[in-house]
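Worksheet: the structure to be examined is printed underneath.
Below, chains carry the letters A, B, ... as their sequence lines are ordered, and counting in each starts from 1.
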Protein chains: 2
Amino acid sequence: MQEAKLYSRYSFLLDRTARRVKQYAKQRFRELGWAITVDQWAILKQLADHGPQNQRELGDKTFKDNPTITRILDLLNDKDYVERKPHPDDRRSFLISLTKNGEQLVNECLPEVQKIRMKAWENLSQKDFKEFKRILDSIYDNLSI
Amino acid sequence: MQEAKLYSRYSFLLDRTARRVKQYAKQRFRELGWAITVDQWAILKQLADHGPQNQRELGDKTFKDNPTITRILDLLNDKDYVERKPHPDDRRSFLISLTKNGEQLVNECLPEVQKIRMKAWENLSQKDFKEFKRILDSIYDNLSI
DNA sequence: TTGCAATAGTTAGTACACTAACTATTATCA
DNA sequence: TGATAATAGTTAGTGTACTAACTATTGCAA
């Protein structure tokens, strides 16, 4: 049970780093004059990569729950980056798509977002990344219901 | 720049896993009848391990900012797990300490918290943990100002 | 020693996560 | 076919994070 002591701070490390990543990106975004958060970016990127889709699919892909998706889309809609259209096949749902404005933002931000990502991996190798992904996925699976 | 594509989902993986850890612990806590969150636990544990201290120190050790510490302590105080006493040397600050009730909760929860922690590391080795810590710390440092 | 800078903590506003309860619609099956 | 279950999305309440503005106190330097 001495392992418990060793592992005792992993959740602290995880939380701390995840917050730093968001914080860093938020700050860079702001410096560049883009009034979006990392989580809003994730939604925009998903729409840019995979086209119009409903909120459930957006949530599945970005691992966000329904209320969170609702709120983020409200904000993105206010800023005229996305629009909700009635879904042609299902009156319960909407088809969410990028506006012209949204597409333009994604194209403008993309190179900078890649720079932000690379910054996190300075002095780390591709092998490190694979290890990192393997361990995170293991933890995630271990704690899945 | 193909690395950018490879790394493109690391923040997603990080965020997803950090949230799962909190979510899992929260659920276990609730099943066991303990009405505290992971973040509240972190404060209680810090107090149990290092004795009475002011809010700034609590924040430094748990990597939480002042407003967050204020709010968490308000909640823990309402539940009679901690108390704020005037600091003998500095009238700006408080000395925060566990109540009897708080000490009792920490002792009661500790073994279960260790189980929760071990659960996350099933099928992973101590070497994995060291790699994990090294990589998280690197990312953290890379993004520090 | 006074006047300014730094520090401890609080409050308010916005954003996201989780839960639960809710409406509207669609799918299933007896 | 008609009752019921499942699904898509919203709303409300609580907890945490980040920022900014604020009060009170302490420290420091001219």
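For A:W121 and A:F132, the distance between ring centers is under 6.0 angstrom. Aromatic pair A:F129/B:Y10: centroids not less than 6.0 angstrom apart.
Listed candidates were C:dC16, C:dA17, D:dC18. Nearest to the side chain of B:D15 is C:dA17. Here the side chain of B:R92 is nearest to one of D:dA17, C:dT7, C:dC16, namely C:dT7.
Contact check, B:Q40 against D:dT16: a side-chain N or O comes under 4.0 Å of OP1 or OP2.
Between B:L75 and A:R84, it is A:R84 whose nearest contact on DNA chain D lies nearer the 5' terminus. Each of A:D90 and A:K79 has a nearest nucleotide on DNA chain C; the 5'-most of these lies closest to A:K79.
For C:dT25, its base never sits under 3.5 Å from the side chain of A:R91 at any donor and acceptor pair.
Counting only heavy atoms from C-beta outward, the side chains of B:R28 and B:K119 never approach each other to under 4.5 Å. Contact check for B:L47 versus B:I43: side-chain heavy atoms found under the 4.5 Å cut-off.
Relative to the ring axis of B:Y140, A:R16 places its NZ or CZ within 45° and under 6.0 Å from the centre.
Other residues, nucleotides and ligands contribute over 12 non-hydrogen atoms within 6.0 Å of the NZ atom of B:K79.
Using a 4.0 Å heavy-atom distance criterion, B:R16 is classed as making no nucleic acid contact.
Taking a 4.0 Å limit (strictly below) on heavy-atom distances, residues 51-74 of chain A reaches DNA chain C at A:K64, A:D65, A:P67, A:T68, A:R71, A:I72.
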